[in-house]
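Here is the naming used below: chain letters follow the sequence lines, and residue numbers restart at 1 for every chain.
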Amino acid sequence: MEFTFRGVRGSIASPGPKTVKYGGNTTCIEVRGDNGEIIIIDAGTGIFPLAQSLLAELPVNCNIFITHTHWDHIQGLPFFTPIFIPGNDITIYGAPDPVTQRGIDAVLSRQMEHAYFPIREAELKSKISYVNLADRERIEIGSVVVENILMNHPAMDYGYKISCNGKSLFFTGDHEWPSNIYEPEDDGFEEFQDEIQQRYVETIDFIRDIDALIIDTSYTREEFPSKVGWGHGSFDTSIQVAREANVKHCYLTHHEPTRSDEALEAAYAQALQDNNVSDAASEPCFHLAQEGRTISL
Amino acid sequence: MELQEKLATLVDDMPAFSSSVMRVMDLTADINCSPKELVEVIDHDPVMTMKILKLVNSAYFGLRSEVVSIKQGVVILGINTLKNLAITIAAVGMLPRNSVKGFDSQEFLLHSLGTATIARILSQKIGISSRDSTDYFVAGLLHDFGKVVLVQFMASQMQEILAKANAENLELHKVEQNMLGFDHGEVGGQLAEKWGLPSALVTTIREHHNVARQHCPMSDCVIAANLITKHLEFGHSGNPVVAEFPGTVRERFANDMTGLLDELGDLSSPLADTRIFASM
């Protein structure tokens, strides 16, 4: 199995000379199974360059797993060229939304409403299917198994674990490790803390010992306190989780859109130092996710 | 039962209590609204609580079964989703105060809050942990959920039932059984069961007027709390009769109502704290 970062930027695409090294496209990860299965996680603007490369492999049979339907994770979907081409078979998986009571099947049709896009979903020429996922499902696609777990973000957000012939990766989507809304002296503090702890343990167990953890790492230690509740992780939480889950490699992603390559590397170096990350064999290998980079597992 | 299916569908469009709707709109107008305050409003409203527990426990989302407390719901769904759910529920409208003669929704809410508060106190008295006692609060809050559903969707029959119970000083659930063939406990219990709520909660809602039921700590606490709340005239449930403690409840607390009230001491302070959730 191998995977390629097609977009690593959070919130909004940020092209330009200052982001040319790590890339400006929003979230999209291309995963290839050992038998050539095509799994795509999220359809941020990074799915557009992926679409161009897939045109060399028609007809395309691919599976797109959406972590959640915030713009930076779906914006590229109407521009995913294979949807327009007859003979392609595309399945889109994701969470239904409890607030609007709409399923993932509404994602494209809503994005392609007349006011936002000139072509209607009904005019797409490929075969498109939708699968609404409940929490903790298991989908087999050839030699690949995809499993999902609910994460914590201001939307239904699934993290996806993808396994193939003994190798595995996990992508959190956007995720903030939940914190207590109560103060220690409040009545509800203990109950809430127990729930948080239980969920934390369940999530760590879900990703334990995987080969590659791709994790939302939006904020620095200094930035995080003013962003609590926004639904994103920090360098500190990502390093802690990678260690506790005993992952082999940890790829930090969802880079802040205002962060230049230089600033990103400086924040990364500072975080490794603050957390005493060493090159000991027991330590996960930390990396900044970089657009265009392919990793073989 | 066909009626149950119909009611289950109707409840999706059922409004919450006016005091909580107004408070949710007020709180959520501020982007930095306090999660604690929001949770407190939701978990003091039977309709909001029931709708959110229904969602969290539903197989469609497959989130987690057996969730009783809104706090658990927050950890699972996240505060932002919970906030937006509350706004969606608030947008349905408000339960009218007197849609049916003889049923005042504000007084009913007070009765539910009183029962919830006292059920929690009683649970701690019989050795339930502080954490698990939250479930007893929820059970007390929801025990009469079926009644508010019937008032909302079978208004004319309920008006007749309330009037008869009141004129002849009869227990409301008995009049319901005579005139409808079922009572509000069965309606609430069936809805809670259909929505996958935990079985102790379903049983408590369903059996809170059933004298032949088995011993169950949650039901015993809620039944005692229900009767105490009526005896103290805190709010009004629409039932004119304050019955004696049934045998199982007397055995559980080794006391009758007068004795238990003596043991509990002054309840005015915890009850007064809940009044804010029923005030406009």
A/Ile12 atom CD1, neighbour heavy-atom count above 12 within 6.0 Å: no

Check this for me: A/Glu190, atom CD, are more than 12 non-hydrogen atoms of other residues, nucleotides or ligands nearer than 6.0 Å? no

Nearest-0.5 Å distance, [atom1] of residue [X] to [atom2] of residue [Y]:
X        : Y        : atom1 : atom2 : result
B/Asp135 : A/Glu191 : CG    : CD    : 7.5 Å
A/Leu133 : B/Phe61  : CG    : CZ    : 12.0 Å
A/Asp194 : B/Gln72  : CG    : CD    : 10.0 Å

Structural part of [X] lying under 4.5 Å from a heavy atom of chain A:
X        : answer
B/Ile76  : both
B/Leu55  : side chain
B/Thr81  : both
B/Thr134 : side chain

Give, as side chain, backbone, both or neither, the part of [X] having an atom under 4.5 angstrom from any heavy atom of chain B.
X        : value
A/Arg199 : side chain
A/Glu137 : neither
A/Gln101 : side chain
A/Tyr158 : side chain
A/Ala155 : backbone
A/Leu150 : side chain
A/Asp187 : neither
A/Asp157 : neither

How close do [X] and [Y] get, counting heavy atoms only, and between which atoms?
X        : Y        : result
A/Ala134 : B/Ala59  : CB-O, 4.2 Å
A/Asp135 : B/Gly62  : CB-O, 3.1 Å
B/Leu85  : A/Pro98  : CD2-O, 3.5 Å
B/Lys36  : A/Asp186 : NZ-OD2, 2.9 Å

I want to check something: taking the side chain as every heavy atom from C-beta on, are A/Glu195 and B/Arg131 in contact at a cut-off of under 4.5 Å? yes

A/Tyr182 and B/Val39: side chain to side chain contact (heavy atoms under 4.5 Å, CB included), yes or no, with the steps? CA-CA 11 Å; A/Tyr182 296 91; B/Val39 169; 3.5 Å; yes

